Amino acid sequence: MTSNTLFTLSRLGYFALVLLLGGWFVGQGISGEYTLLFSLLWIVPLLLPAKGVFQGNPYTYAWASFILCLYMLHGLTLLYVTTDAFVFALIEVLLIGVLLIAFPFYARIRGRELGLGLKKKSKE
């Protein structure tokens, strides 16, 4: 896969995840299941890497994967404990699964294209 393909896949997946979770948690807040403040605070960590994700910064893609793990845990827990939100949880888990593969691969491929990476120790 090229970095452009991964970049497009990652951006679309990230945007879909923000819309899915934003709609879900705001909807839960409006319905009274959660407080609206809690629902909005649950979305904030997902929005932290937004600028770097849409700009294509490989460093952002590398560390944003750690944030996605929190949401993966949420989706897997929801799959296990409820039948009411099964479809939502399944979509969340599948979408985050794709992103957890696409983000690091994009960071690695794009980082190599830009010549970024850890410098090797010189032998003295």
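Hydrogens, waters and symmetry mates are skipped; everything else that's a heavy atom, side chains included, is used. These numbers were taken from a predicted model, which means no experiment stands behind them. This chain uses plain numbering: 1 for the first residue, then up along the sequence.
- In this structure, CD1 on Ile96 lies 10.5 Å from CZ on Phe103, to the nearest 0.5 angstrom.
- Among all heavy-atom pairs drawn from Gly56 and Phe7, the shortest one is CA-CE1, 3.2 Å.
- More than 12 heavy atoms of other residues, nucleotides or ligands shown are found within 6.0 angstrom of CZ on Phe38.
- Grouping the Ile, Leu, Val, Met, Phe, Trp and Tyr side chains by contacts below 4.5 angstrom, directly or via other members, places Leu48 apart from Leu37.
- By the criterion of side-chain heavy atoms lying less than 4.5 angstrom apart, applied directly or through intervening Ile, Leu, Val, Met, Phe, Trp or Tyr residues, Val98 is not grouped with Leu78; the two fall into different hydrophobic clusters.
- The OG1 atom of Thr60 lies 9.5 Å from the NZ atom of Lys51; values are rounded to the nearest 0.5 Å.
- Scanning both residues, Leu9 and Ala102, for their nearest heavy atoms gives CD2-CB, 4.1 Å.
- The distance from atom CG of Leu73 to atom CG of Leu68, rounded to the nearest 0.5 Å, is 12.5 Å.
- In plain terms, the two heavy atoms of Ile67 and Pro45 that are nearest each other are CG2-O, 3.5 Å.
- Put simply, the side chain of Thr82 does not reach to within 4.5 Å of the side chain of Phe86, judged on heavy atoms.
- When every heavy atom of Glu92 is checked against every heavy atom of Leu21, the shortest pair comes out as OE2-CD2, 3.5 Å.
- The side-chain hydrogen bond (donor to acceptor under 3.5 Å, both in side chains) search around Arg110 returns Glu113, not counting sequence neighbours.
- Interatomic distance, Met72 CE to Leu95 CG, rounded to the nearest 0.5 Å: 9.5 Å.
- Side-chain N or O atoms of Tyr61 include one that pairs as donor or acceptor with a backbone N or O of Val53 at under 3.5 Å.
- Residues Pro58 and Ala107 approach most closely at O-CB, 3.4 Å, considering heavy atoms.
- Ring planes of His74 and Phe88: perpendicular class, angle over 60° (limits at 30 and 60°).
- Distance check, rounded to the nearest 0.5 Å: CG of Leu20 to OH of Tyr71 gives 12.0 Å.
- The 12-atom threshold is not exceeded at CZ of Phe66, counting heavy atoms of other residues, nucleotides or ligands nearer than 6.0 Å.
- Heavy-atom minimum distance, Leu79 versus Leu90: CD2-N, 3.9 Å.
- Annotation: the span from Cys69 atom SG to Leu100 atom CG amounts to 5.0 Å, rounded to 0.5 Å.
- Pairs of residues two or more places apart, or lying in two chains, never qualify as side-chain hydrogen bond (donor to acceptor under 3.5 Å, both in side chains) while including a residue from residues 8-30.
- Hydrophobic cluster membership is shared by Ile109 and Tyr106, with clusters built from Ile, Leu, Val, Met, Phe, Trp and Tyr side chains linked at under 4.5 angstrom.
- Hydrophobic clustering of Ile, Leu, Val, Met, Phe, Trp and Tyr side chains at less than 4.5 Å, counting indirect connections, keeps Leu94 apart from Leu12.
- A continuous path of ILVMFWY side-chain contacts below 4.5 Å connects Val93 to Ile43, so both sit in one hydrophobic cluster.
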